Amino acid sequence: MKSLVLASLAVLSLGAGAANADYSLTILHTNDFHSQFGPIDFFDRDCPADENDAGKCFGGSARLATAIAEARARSDNTVLLDAGDQFPSLNDPSNARPKLLAELMNRMGYDAMALGSHEFDEGPEITRTFLDRLEFPALMANADLSEAPLLVGAVQKSTVIERGGERLGIIGLTPEGSTYWRDVDYITISDSVTAVQTEVDKLTADGVDKIIVLSHSGYEADKRIARETTGIDVIVGGHTHTYLSNTLKPSQGPYPTTENGVPIVHAWPFGNTLGELQVSFDDSGNLVSAVGDQIRLDAEVAEDTSIKALVSDALLKSE
């Protein structure tokens, strides 16, 4: 399956200079993991160990770790991003495990994440426990946390990371609309377009010319953001569990989807896939190409034994 996906990539060409790209970057990304530490079956349900051993399961932290390592080996420059909702969804009877989530993300080497609404379901104390253990920034550009003393200073609107001698600006977004938030009256959410443009302008003024929006806003909202802002190079999204692929079914759109010249990508939820988007820029910082697809985390992807043991041990101790 991996070879099929990687051999069937669809190219987004944004200019005649694509062949003369000056800088290339692989964006690896996940979203809506929802604490699905172990493998799942075709219906996104927990998969029994015997079925997993028989090769009938998908995903899980151990497979994700392997896929990330293999993707990094294919590229000189990579960045690993998460578009939010690492915490369980509301219909998940399990409790959030912030320490395990943070340790797994740290071990896999994430560079940044956006915070989704579910990161706050268990209250600010649990959220802060998670944030304090992260070794990378958590981002929300359109959220006012001033009424949550525990969270003040723990979340950034954007960040700049260096990769391959270039500076990358990463802007985070969380979903608009009260229907996505459960008993959270200490966060004020503002308009995503305004928040993004404000951060883009700040980053651009600071000399950053490669900007990624890490959005937990949803597929249609991401397209609106692409249409109504300037200066964005890529949107890495989540929240609506939208299936984007050129090869895997069912697909709700191409990977990447292009809106107003901006490539938009989403990975599948619950750890089903790892998104892998290769982008190229010319020497003026203009995006000239984007190519990629989902990597399905099926039985062809070996489970990392150390991550599998970490998850098993942590889940046993929490029972």
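Since the model is a prediction, treat every value here as computed from it, not as a measurement. One-based numbering along the sequence shown.
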With rounding to the nearest 0.5 angstrom, report the [atom1] to [atom2] distance, [X] to [Y].
X	Y	atom1	atom2	result
E300	D298	CD	CG	5.0 Å
I126	K99	CD1	NZ	9.0 Å
T257	Q252	OG1	CD	10.0 Å
I295	S245	CD1	OG	11.0 Å
T273	N31	OG1	CG	7.5 Å
L168	I170	CG	CD1	5.5 Å

**Study point:** Side-chain donor-acceptor pair present, H239, D222, cut-off under 3.5 Å
**Key:** no
Practice item. For H216 and D85, test the side chains for any donor-to-acceptor distance below 3.5 angstrom and give the result as yes or no. Key: yes
Review point. Cation-pi between K210 and F281: NZ/CZ under 6.0 Å from ring centre and within 45° of the ring axis?
Key: yes
Are [Y] and [X] connected in a single hydrophobic cluster, I mean Ile/Leu/Val/Met/Phe/Trp/Tyr linked by side-chain heavy atoms less than 4.5 Å apart?
X	Y	answer
M108	L101	yes
L150	L134	no
I40	F33	no
I307	F58	no

So, for [X] and [Y], which heavy atoms are closest and what is the spacing to 0.1 Å?
X	Y	value
S217	I225	OG-CD1, 4.2 Å
L131	A154	CD1-CB, 3.9 Å
V200	G231	CG1-CA, 3.9 Å
P263	D233	CD-O, 3.1 Å
I264	L244	O-CD1, 3.9 Å
R167	G207	NH1-C, 4.1 Å

Check your understanding: What do the steps show when you test D293 against T247 for side-chain hydrogen bond (donor to acceptor under 3.5 Å, both in side chains), and what is the final call?
Key -> CA-CA 8 Å; D293 210 327; T247 56; 3.2 Å; yes
Review point. Would you call the rings of Y110 and F136 parallel, tilted or perpendicular, where under 30° means parallel and over 60° means perpendicular?
Key: tilted
Check your understanding: Taking the six-membered ring for Trp, are H34 and H118 parallel (under 30°), tilted (30 to 60°) or perpendicular (over 60°)?
Key -> perpendicular
Practice item. Might you work through the side chain to side chain contact (heavy atoms under 4.5 Å, CB included) test for V213 and T229, ending with a clear yes or no? Key: CA-CA 11 Å; V213 172; T229 60; over 6 Å; no
Check your understanding: How far apart are the C-alpha atoms of I189 and I187, what are their side-chain angles, what is the distance that settles it, and do they pass the side chain to side chain contact (heavy atoms under 4.5 Å, CB included) test?
Key -> CA-CA 6 Å; I189 306 301; I187 300 177; 3.5 Å; yes
4.5 Å side-chain heavy-atom contact, [X] and [Y]:
X	Y	result
Y255	H266	no
F120	Y186	yes
T66	L64	no
L28	L81	no
F87	D121	no
L139	V155	no

Review point. So E259 and R227, salt bridge (Lys or Arg N to Asp or Glu O under 4.0 Å) or not? Walk me through it.
Key: CA-CA 7 Å; E259 189 77 19; R227 290 192 302 269; 3.1 Å; yes
Practice item. Go through the structure and list residues passing salt bridge (charged side-chain N to carboxylate O under 4.0 Å, His left out) with D144, not counting sequence neighbours. Key: none
Practice item. Take D46 and Q36 through the test side-chain hydrogen bond (donor to acceptor under 3.5 Å, both in side chains) and record every step on the way to the result. Key: CA-CA 8 Å; D46 290 340; Q36 187 58 55; 2.9 Å; yes
Study note, to complete from the structure: Exactly one of D282, N77, V279 clears side-chain contact (heavy atoms from CB on, under 4.5 Å) with Y23, and that residue is N77
**Study point:** Reference residue E276; test salt bridge (charged side-chain N to carboxylate O under 4.0 Å, His left out); the match among R74, R72, R296
**Key:** R74
Exercise for review: Evaluate the criterion side-chain hydrogen bond (donor to acceptor under 3.5 Å, both in side chains) for residue pair N142 and S190; output intermediate values, then yes/no.
Suggested key: CA-CA 5 Å; N142 61 328; S190 61; 5.4 Å; no
With a 3.5 Å distance limit and no angle check, can you tell me whether [X] reaches the backbone of [Y] through a side-chain donor-acceptor pair?
X	Y	value
T240	Y219	yes
N260	A226	yes
Q197	T194	no
N272	P269	yes
E303	T305	no

Exercise for review: Determine, stepwise, if the pair I171 / L214 fulfils side chain to side chain contact (heavy atoms under 4.5 Å, CB included).
Suggested key: CA-CA 6 Å; I171 302 168; L214 189 51; over 6 Å; no
Review point. Can you name the one residue among T26, T78, D111 that meets side-chain hydrogen bond (donor to acceptor under 3.5 Å, both in side chains) with R163?
Key: D111
Between [Y] and [X], does any NZ, NE, NH1 or NH2 come within less than 4.0 Å of an OD or OE carboxylate oxygen?
X	Y	result
R107	E103	yes
R224	D191	yes
E199	K157	no
R128	E125	no

Practice item. Give a yes or no on whether D76 atom CG has more than 12 heavy-atom contacts from other residues, nucleotides or ligands under 6.0 Å away. Key: no
Practice item. Assess whether ring pair (Phe, Tyr, Trp, His ring centres under 6.0 Å) is satisfied between F270 and H241, documenting all intermediate values. Key: CA-CA 9 Å; F270 307 113; H241 298 194; 5.4 Å; yes
Practice item. Report the C-alpha distance between S192 and E176 in whole Å, list the side-chain angles of each, state the deciding distance to 0.1 Å, and finish with yes or no for side-chain hydrogen bond (donor to acceptor under 3.5 Å, both in side chains). Key: CA-CA 7 Å; S192 298; E176 298 179 47; 2.8 Å; yes
Practice item. Please lay out, stage by stage, how N52 and R63 fare under the test side chain to side chain contact (heavy atoms under 4.5 Å, CB included). Key: CA-CA 11 Å; N52 188 46; R63 282 195 179 93; 2.9 Å; yes
